[in-house]
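A quick write-up on the structure given underneath.
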Amino acid sequence: MSEPAIALLRSHLSGRWQSGDGRAATLFDPTTEAPIATCSTAGLDLGAALQFAREQGGPTLRGLTFAGRGALLQAMREAIHAEREALIEMAVRNGGNTRGDAKFDIDGALATLGYYADLGKSLGDRHFLLEGSPENIVRGGRVQGYHARLPRRGVAVHINAFNFPAWGLAEKAATALLAGLPVLSKPATSTALVTHRMVEVLVEVLPPGVLSLLCGGVGDLLDHVGPQDVVAFTGSADTGARIRGHQRVLSAGVPVNVEADSLNSTILAPGAEDATYDALIRHVHTEMTQKAGQKCTATRRILVPRDRLDEVIADVSERLRGVVVGDPGREDVNMGPLATAEQRRSADEGIATLLAGGARVVFGRPGRGEPRGVEDGKGYFVSPLLLVADEPLQASAVHDLEVFGPVSTLLPYDGSVAAAEAIVARGQGSLVCSIYGDDRAWLEKAVLAVGPYHGRVSMVDEKMADKAFSPGMVLPGLNHGGPGRAGGGNELGGTRGLDFYTQRTAVQGNGPLLARFLGAAVE
Ligand code: NAP
């Protein structure tokens, strides 16, 4: 049987497909370790690509109303939907995704585009947004000030992580395009196959310069950003810091949004009813195993009242016993490998660090296990692992190190809100905290206590336990981001997601005249 051909992934820049001429990077199938594609960005003129997007894509988008931009997002949604099956297969092959994992990513992209398409429709005929009501500068309303959010005149540079090649592209592009900014998207090289195919179909339905793709290393892209551009990044804290500190980014005052590492927590409150408790067990299982734990929002730390620790260990372990690790293309497998050899090495090292730092194993064994349907020793597999740190505040590594794989740690606590807050705070800022309980006074205190350490708090009680989404599900209408270690970023959140792509400009002057210029209702 002949080997499948190795694809060449090109970049779409300055309105055409281009390939670099230098040493190519290789993309692998993480199940078989076979090479499946190459790409290179060496020698590409990235300054010209940004200028093309500014000159062609920007005016086109700004010429459209929100409804018009929403219609473009809807066209994008439909184009991707038509390609859904092919994209799922690519995600299985290049990302090590099970079909379920692949759908989570691709359907997340579709849902986000759909949400922002609808938002565009509802914002209607306007070209920009006004914030709040006018400020009266001189009594009587003759001299007033408005705050307008005007689309910046630059490009939204999007640099994404390897774990969500579809959703990552779509969630950032949806907000930027609706705000009126053209996008240059750079997926992580290792899993770029899905993003590459998406852009192949998207450029067919979008006007020139609205969406560009850089497929491969970032090269000198950031040397060419200008004062009207923005950079939104998702990935490791180290790379985020490097981008923030980039000389050109600093000197041009380019806004940077960072979504980085996160040690998300789940808290079981004392006295939770059965349905609430069951939701926690279900969600812990999902968060540990979906995408083999490679989600920025996955639950890494699970706080349980000390007197329920054994019960939680038994119930989570029972669920994890049903996990079949192996070739993600098989129907009888429900967890695939990690995406790259580097991710597996990093996860193995991370597990060793957690174990040396006060955690012990209560389910599973460190290592690859015996993946089903896979050649001996091949593939970047890591078995699910449940740990306990008996003295949570002494186990520093559990709060400092994000193991990006199917690994979570149970942290017993005394059931008080104060103790839960102290443990959660050790994560130094995370994307999401989920709280499961039925004592309303306790819940109120807990939501307010842990809120400042998170971009999102998910509360689950008996009344809605069967309808609750697992906390790792990012929702387009709600903020995505987190303080501190999580990068201090904000994405999505309905119209809030557009803030990053717009300039807040205070416009002061003749009140009634300004109201007319800005399309405000005259009070
Ligand atoms: P990474 O190594 O930091 O890479 C992320 C992106 O940055 C890739 O596109 C990478 O390109 C690019 N990059 C690398 N060096 C760069 C540089 N010097 N300048 C500009 N861009 C550069 O992260 P990763 O390994 O892909 O992702 C794993 C991490 O992402 C995890 O820690 C996870 O927590 C975090 N994450 C966070 C979120 C969130 O929403 N907060 C979501 C997903 C993942 P190449 O691939 O070409 O090297």
Side-chain angles (χ1 to χ4, degrees), residues 9 11 20 24-28 38-42 46 94-95 105 108 112 157-169 171-172 184-193 195-196 213-225 231-249 254 256-264 291-300 338-347 350 400-405 427 429-432 454-456 472-474 479-492:
L9 306 186
S11 294
T26 305
L27 287 69
F28 294 94
T38 63
C39 59
S40 166
T41 57
L46 303 183
N94 183 207
D105 183 22
T112 306
V157 173
H158 292 162
I159 301 177
N160 280 317
F162 70 86
N163 53 346
F164 283 100
W167 203 335
L169 167 79
E171 61 138 353
K172 285 189 173 63
L184 186 151
S185 192
K186 192 208 111 41
T189 302
S190 56
T191 57
L193 197 64
T195 319
H196 181 267
L213 171 74
L214 183 63
C215 205
V218 74
D220 64 358
L221 177 68
L222 296 179
D223 293 339
H224 302 285
V225 291
V231 177
F233 166 78
T234 296
S236 63
D238 284 351
T239 310
R242 222 169 300 143
I243 292 173
R244 274 209 178 102
H246 187 280
Q247 188 52 42
R248 177 66 191 156
V249 169
V254 177
V256 179
N257 191 79
V258 173
E259 303 288 353
D261 308 357
S262 180
L263 286 145
N264 312 295
K291 292 213 127 228
Q294 301 167 103
K295 288 193 314 193
C296 53
T297 48
T299 302
R300 308 292 176 196
L338 300 195
T340 65
E342 172 56 22
Q343 286 300 317
R344 183 190 51 188
R345 189 196 56 72
S346 162
D400 291 342
L401 184 71
E402 181 195 39
V403 175
F404 214 56
S430 305
L431 294 170
V432 57
H454 298 91
R456 180 162 58 91
M473 168 86 93
V474 171
N479 183 52
H480 173 57
R485 180 210 298 275
N490 296 286
E491 288 184 340
L492 300 172

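Keep in mind that what you see is a predicted model, and the values were worked out from it rather than measured. Start at 1 and go down the list; that is how both ligands and their atoms are numbered. Quick note: numbers below take in every heavy atom, side chains included, and nothing from hydrogens, waters or symmetry partners.
- Judged purely by atom type and a 3.5 angstrom limit, D261 has no side-chain atom pairing as donor or acceptor with the backbone of R485.
- Pocket lining of ligand 1, defined as residues with a non-hydrogen atom under 4.0 Å away: I159, N160, A161, F162, N163, K186, P187, A188, T189, G216, G217, V218, F233, T234, G235, S236, T239, R242, I243, E259, A260, D261, C296, Q343, E402, F404, L431, H480.
- Between the side chains of N163 and K291, not a single donor N or O lies within less than 3.5 Å of an accepting N or O.
- Of the possible polar contacts, none joining the T234 side chain to the A161 backbone as a donor-acceptor pair under 3.5 Å is found.
- R248 places no side-chain N or O within 3.5 Å of a backbone atom of L221 that could act as its donor or acceptor partner.
- Side chain to side chain, S262 and N264 meet the donor-acceptor criterion of an N or O pair below 3.5 Å.
- Using modelled atom types, no side-chain atom of N160 and backbone atom of K186 make a donor-acceptor pair closer than 3.5 Å.
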